[in-house]
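Because only heavy atoms are used, hydrogens play no part in the values below, and waters and symmetry mates are left out as well, while side chains stay in. Proteins get letters first, then strands, A, B, ... in listed order; numbering begins at 1 in each.
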Amino acid sequence: MKTKLRTRWNLTPQEAMRLQETLRERVEREDRFGTLQFVAGADLAFDPETNLAFAGVIVYQFPQLQEVERRMARRTLRFPYVPGLLSFRESPVLLAAFEKLRVEPDLILVDGHGIAHPRRFGIACHLGLLLDRPTIGCAKSILVGEAVEPGVRAGSTAPLVDKGETVGIVLRTRDRVKPIYVTTGHRVSLQSAVRIARQCLDGFRIPKPTREADHFVRDLRRAYQERRARNQI
DNA sequence: GCGACAG
DNA sequence: ATCTTGTCGC
């Protein structure tokens, strides 16, 4: 698939923050997608020694969750990790992986937040705009807001509230296990985001698309570190 | 100023 | 994110 919105990435944190303030207005929080046939999950892993990052994206047939394609890309991270500016660190590599896809996903699950962000523009929102695709943010911890504790049973939900606004849903994906945080990225309502995230569960805490993408890039990183340790790279 | 802080 | 093995529990 192709990146629809081209922007420069060599920005300073200050410039990045300003860009977020501008792009946030283009985010669509209501449903705007048809039948979901292909759903993708994306994640990234990197080697702290070299700052080389591996991005992975896996496309699944929905709702069967059968894999149909996976692609990867590697690149040196140029932007530092700054809470609230994660997208400027990870998006370049992730986009490179997405651009290798032959199958166009109808919706993308992103490892990180959507509107549950200080400027309501997390990486899920940003990637949604860049790829012009519906996206959902699936984070493992909170960036902003206060989470109401959901019931201890799998499937329980509770709101994630920030400054009086419900910006996400806390979802207990397994009995008594730490919940995940589901948020609107782009063109997906919070209600639909939770429904879809649930449909992407297969018995584990993390939804399959994101979890498998995580395993994918983790293996790529390990293989790289192995070769490097053996002085062959 | 202090504490919090996705991955 | 990454550093890290086994181990207790469902």
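- In DNA chain B, consecutive stretches of 3 or more Watson-Crick or G-U wobble pairs with both distances under 3.5 Å do not occur.
- By the neighbour-count criterion of 12 heavy atoms within 6.0 Å, atom CD of A:E30 is sparsely surrounded, having that number or fewer from other residues, nucleotides or ligands.
- A cation-pi arrangement is absent between A:R133 and A:F98, since the terminal nitrogen or guanidinium carbon is not both under 6.0 Å from the aromatic centre and inside a 45° cone about the axis.
- A:S156 contributes a side-chain N or O that, together with a main-chain N or O of A:R153, makes up a donor-acceptor pair within less than 3.5 Å.
- Protein atom OH of A:Y224 is 14 Å distant from nucleotide atom P of C:dT2, rounded to whole Å.
- The pair A:R172-A:E149 meets the salt-bridge criterion, since a charged nitrogen lies less than 4.0 angstrom from a carboxylate oxygen.
- Nucleotide B:dG7 holds its C1' atom 13 Å from the CG atom of A:L127, rounded to whole Å.
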Between N or O atoms, less than 3.5 Å apart, protein on one side and nucleotides 3-6 of chain B on the other: list the pairs.
{"from": "B:dA6", "atom 1": "OP2", "to": "A:Y81", "atom 2": "OH", "distance (Å)": "2.6"}
{"from": "B:dA6", "atom 1": "O4'", "to": "A:H113", "atom 2": "ND1", "distance (Å)": "3.4"}
{"from": "B:dA6", "atom 1": "N7", "to": "A:G84", "atom 2": "N", "distance (Å)": "3.2"}
{"from": "B:dA6", "atom 1": "N6", "to": "A:G84", "atom 2": "O", "distance (Å)": "3.1"}
{"from": "B:dA6", "atom 1": "N6", "to": "A:L85", "atom 2": "N", "distance (Å)": "3.3"}
{"from": "B:dA6", "atom 1": "N6", "to": "A:L86", "atom 2": "N", "distance (Å)": "3.2"}
{"from": "B:dA6", "atom 1": "N1", "to": "A:I123", "atom 2": "N", "distance (Å)": "3.2"}
{"from": "B:dA6", "atom 1": "N3", "to": "A:H113", "atom 2": "N", "distance (Å)": "3.1"}

Would you mind building the protein contact string for nucleotides 3-10 of chain C? One character per nucleotide, 5' to 3', B for base within reach (heavy atoms under 4.0 Å), S for sugar-phosphate only, - for untouched. S-------
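- Going from atom CZ of A:R89 over to atom P of C:dT2 covers 10 Å, rounded to whole Å.
- Counting heavy atoms of neighbouring residues, nucleotides and ligands inside a 6.0 Å radius, atom CD of A:E104 exceeds 12 of them.
- If you measure from atom CG of A:L109 to atom C1' of B:dG7, you get 16 Å, rounded to the nearest angstrom.
- With salt bridges taken as basic N to acidic carboxylate O contacts below 4.0 Å, none links A:R228 and A:E49.
- Taking a 6.0 Å sphere around CZ of A:R176, one finds it holds 12 or fewer heavy atoms contributed by other residues, nucleotides or ligands.
- The separation between A:R218 atom CZ and C:dT2 atom C1' is 11 Å, rounded to whole Å.
- The CZ-C1' distance, from A:R211 to C:dA1, rounds to 19 Å in whole Å.
- A:A45 comes within contact range of the sugar-phosphate backbone alone, with a heavy-atom separation under 4.0 Å but no base atom that close.
- In this structure, A:D162 pairs ionically with A:R120, as a charged nitrogen and a carboxylate oxygen lie closer than 4.0 Å.
- Inspection of the A:S189 and A:D31 side chains reveals an N or O donor paired with an N or O acceptor under 3.5 Å.
- Summarising the geometry, the separation between CG on A:L220 and P on C:dA1 is reported as 15 Å, rounded to the nearest angstrom.
- When atom types are taken as modelled, the side chain of A:R211 and the backbone of A:I206 share a donor-acceptor pair closer than 3.5 angstrom.
- A salt bridge does not link A:K2 to A:D132: none of the charged nitrogens lies less than 4.0 Å from a carboxylate oxygen.
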